[in-house]
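What follows is a single structure, written as structure tokens, with notes after it.
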Amino acid sequence: AGSRGWRREDAISTAVGYADWVVVALPDRLELMQMVMQRAQAAAPEGAVFAVHSASYDADAVQGCAIRPAQVVLVTGSAEDGFDLNVTSRNSADLKVAALAVLSEVSPKAVPLGDALPGVDQLAGSKSA
């Protein structure tokens, strides 16, 4: 919620316990993603959004690792070249727009992929898929 700021934690549960957004950047091994995502989602608030970075797996595979797949989006690319936001029909329209807005803050080159994003054309500098 922004009240704790940035700091390193020793356990997944304490790292995500108050998070609104969680960035998951792990080696591209699906079984590792599944273990970490399930532990993290179990400890995180129910509405926490998980942005998973993967170059090897699609959004369906990454969401399949989660307890709450509707709260998971896939991010590919880099800050230098631009990020791609990959969403599926599991994600709500509001979550899709919010995820693109957050990603656009990190990189103005953020591009949504996957399902159409209603209302995205209102975000400055964004492109719709």
Side-chain angles (χ1 to χ4, degrees):
S3 61
R4 291 179 42 164
W6 290 96
R7 70 184 224 193
R8 183 178 177 89
E9 297 287 353
D10 293 330
I12 291 173
S13 59
T14 55
V16 302
Y18 301 99
D20 294 324
W21 286 82
V22 177
V23 176
V24 179
L26 297 166
D28 268 346
R29 291 185 13 232
L30 207 52
E31 67 279 357
L32 177 62
M33 282 186 217
Q34 182 175 20
M35 180 186 70
V36 171
M37 290 272 295
Q38 288 179 359
R39 283 188 188 170
Q41 280 195 313
E46 206 167 296
V49 177
F50 284 73
V52 179
H53 188 273
S54 176
S56 301
Y57 299 101
D58 65 12
D60 285 319
V62 172
Q63 287 177 336
C65 292
I67 295 170
R68 293 185 294 274
Q71 295 301 112
V72 177
V73 297
L74 177 68
V75 178
T76 57
S78 68
E80 297 81 30
D81 298 327
F83 289 106
D84 294 327
L85 174 63
N86 296 268
V87 296
T88 70
S89 59
R90 291 175 173 165
N91 302 113
S92 72
D94 289 343
L95 184 130
K96 294 172 188 180
V97 171
L100 184 60
V102 169
L103 196 55
S104 294
E105 289 180 26
V106 176
S107 173
K109 297 179 183 178
V111 178
L113 299 176
D115 294 343
L117 300 176
V120 168
D121 57 326
Q122 298 168 351
L123 296 172
S126 67
K127 303 176 190 173
S128 60

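Sequential numbering from 1 along the given sequence is applied to the chain's residues.
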Spell out, yes or no, whether [X] and [Y] are grouped together once hydrophobic residues are joined by side-chain heavy atoms under 4.5 Å, including indirect joins.
| X | Y | result |
| --- | --- | --- |
| L26 | V75 | no |
| V62 | V23 | no |
| F50 | Y57 | yes |
| V24 | V49 | no |

Using residues 30-38 as the side-chain source, report each donor-acceptor pair under 3.5 Å to any protein atom, sequence neighbours left out, with the distance given to one decimal.
{"from": "E31", "atom 1": "OE2", "to": "R29", "atom 2": "NE", "distance (Å)": "3.1"}
{"from": "Q38", "atom 1": "NE2", "to": "C65", "atom 2": "O", "distance (Å)": "3.3"}

* Asked: How many angstroms lie between atom CG of D60 and atom CZ of R90, to the nearest 0.5 angstrom?
  ->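 Those atoms lie 5.5 Å apart.
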
Give the minimum heavy-atom separation between [X] and [Y], together with the two atoms involved.
| X | Y | result |
| --- | --- | --- |
| A40 | I12 | CA-CG2, 3.5 Å |
| N91 | A70 | ND2-O, 3.0 Å |
| A19 | A48 | O-CB, 3.5 Å |
| K96 | L85 | O-CD2, 3.9 Å |
| S54 | L74 | CB-CD1, 3.7 Å |
| G77 | H53 | O-NE2, 3.0 Å |

* **Residue pair L95, Q71: steps toward the side-chain contact (heavy atoms from CB on, under 4.5 Å) verdict** => CA-CA 8 Å; L95 184 130; Q71 295 301 112; 3.9 Å; yes

* Kindly check if the number of other-residue, nucleotide or ligand heavy atoms within 6.0 Å of CZ (R68) is above 12? => yes

* Under the criterion side-chain contact (heavy atoms from CB on, under 4.5 Å), which of N86, V72, V73, D58 is the partner of Q63? -> V72

